[in-house]
Number of protein chains: 2
Amino acid sequence: MNIIITNSSGLPIFEQIENAIKEAIFSDELKEGEMLPSVRSLANELKISFLTVKRAYDELEKAGFIKTVQGKGSYVLPKNLDLIKEEKLKEIQEHIEKIYEISKLSNISKDEVNEMFKMIFEEEL
Amino acid sequence: MNIIITNSSGLPIFEQIENAIKEAIFSDELKEGEMLPSVRSLANELKISFLTVKRAYDELEKAGFIKTVQGKGSYVLPKNLDLIKEEKLKEIQEHIEKIYEISKLSNISKDEVNEMFKMIFEEEL
DNA sequence: TCATCTGTTATATCTGAATTATAACACTTT
DNA sequence: AAAGTGTTATAATTCAGATATAACAGATGA
């Protein structure tokens, strides 16, 4: 597990763990069926409480990324592409909403934003 | 003052006040030299503590939007639009770049992003 | 000058979220 | 049985945000 916890990120620890594991799943660093570290071992490794790790795992399970079995541990569920796309679309939506807030606050026109959008996305051609 | 405080916004009250006033300044609803409501009167109006309003005003002063004078009150400073806009455009650009990265990695088409963009920006009617 | 607006400061408290420590319990595997 | 898993309950801590209250200080107009 390649999880780095920052106090300056603004995100609570359990969310940082969540995100790191999601990233690992997206990038196939963690594959379907693979076991995650036990809550206690990861807690020891990160020098945090196992309850915090458990919270992260609970959220990941609720979101459909992993499955936890008492006495055994947690393992990665088959990637649900739709689910992943949902996640990514939600991330994008949050960015757009922030852009919307900024533009509204700063009197920046929709057209100006659209122009930047085109500029950056045209780059790939 | 047209400030609406929501408990569901996720933002602390003092930030909601900050944003509302920034928005009013950008939209010229509040003009240069104009007095803001006193900390106590706005606090009464919003049914919150004057300390919370003071915090919002303090942040606005630190950010260069208003000036507060003891015994008198707070008034709107001259807008430095170019500088502010430059900063805001840079913030927006960073968001768009993140969107670009996400969409590229997740195989989300430019059109899909564009659709979300329209959805969110059309909301304002 | 006095009353009454303004903002300022200090102290203490409350609340909720995040996090922790600890202990006891339950399931699985060897 | 032992040693690993996860689970649950309880209590405590920390921190940010927000509050209440009181006392202080500057501005202003009657």
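Just so it is clear: chains get the letters A, B, ... in the order the sequence lines come, proteins before strands, and each one is counted from 1.
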**Q** If you measure from CD1 on B:I48 to CZ on B:R55, what distance do you get to the nearest 0.5 Å?
**A** 12.0 Å

**Q** Side chain of B:S49 only, heavy atoms from C-beta on: which candidate in D:dT19, C:dA23, C:dT9 is closest?
**A** D:dT19

**Q** Measuring from the side chain of B:L51 (C-beta onward, heavy atoms only), which nucleotide among C:dT19, C:dA10, D:dG6 has the closest atom?
**A** C:dA10

**Q** Is the distance from OP1 or OP2 of C:dG7 to the nearest side-chain N or O of B:K54 less than 4.0 Å?
**A** no

**Q** Starting at atom CG of B:N44, determine the distance to atom P of C:dC5, rounded to an integer number of angstrom.
**A** 12 Å

**Q** Are any side-chain N or O atoms of A:S49 and backbone N or O atoms of A:L51, one a donor and one an acceptor, separated by less than 3.5 Å?
**A** yes

**Q** For the pair made of CG in B:L11 and P in D:dA16, what is the distance, rounded to whole Å?
**A** 17 Å

**Q** Atom CG of A:L42 to atom C1' of C:dT20: distance rounded to whole Å?
**A** 16 Å

**Q** Hey, does B:K85 have a side-chain heavy atom less than 4.5 Å from the side chain of A:E112?
**A** yes

**Q** Assess whether a salt bridge exists between B:E94 and B:K98, defined as any Lys/Arg side-chain N lying under 4.0 Å from an Asp/Glu carboxylate O.
**A** no

**Q** Could you tell me how far apart B:D58 (CG) and C:dT9 (P) are, to the nearest whole angstrom?
**A** 8 Å

**Q** Which nucleotide in the set D:dA20, C:dG7, C:dA18 lies at the smallest distance from any side-chain heavy atom of A:P12?
**A** C:dA18

**Q** Give the rounded distance in Å between these two atoms: CD1 of B:I48 and P of D:dT21.
**A** 16 Å

**Q** Would you say B:F26 and A:K104 make side-chain contact, with heavy atoms under 4.5 Å?
**A** no

**Q** Looking at every strand, decide which applies to B:F50 at a 4.0 Å heavy-atom threshold: base, sugar-phosphate, or nothing.
**A** base

**Q** Side chains of A:E29 and A:E23: does their closest heavy-atom pair fall under 4.5 Å?
**A** no

**Q** Scan residues 67-77 of chain A against DNA chain C and write down, sorted by residue number, each residue with any heavy atom closer than 4.0 Å; if none is found, say none.
**A** A:Q70, A:G71, A:K72

**Q** Need to verify one output field. Residue with the more 5' nearest nucleotide on DNA chain C, A:E15 or B:E61?
**A** B:E61

**Q** Does A:R40 make a side-chain donor-acceptor contact with the base of D:dG4, cut-off 3.5 Å?
**A** no

**Q** What integer distance in Å separates B:I5:CD1 from D:dT19:C1'?
**A** 13 Å

**Q** Measure from the side chain of B:I13, starting at C-beta and using heavy atoms only, and say which of D:dT8, D:dA20, D:dA18 lies closest.
**A** D:dA18

**Q** In whole Å, what is the span from the OH atom of A:Y57 to the P atom of C:dT19?
**A** 15 Å

**Q** Where the side chain of A:T52 is defined as all heavy atoms beyond and including C-beta, which of C:dT22, C:dT19, C:dG7 is the nearest nucleotide?
**A** C:dT19

**Q** Rounded off to whole Å, could you give me the CE-to-P distance for the B:M35 and C:dC5 pair?
**A** 16 Å

**Q** Are any non-hydrogen side-chain atoms of B:I21 and B:F65 less than 4.5 angstrom apart?
**A** no

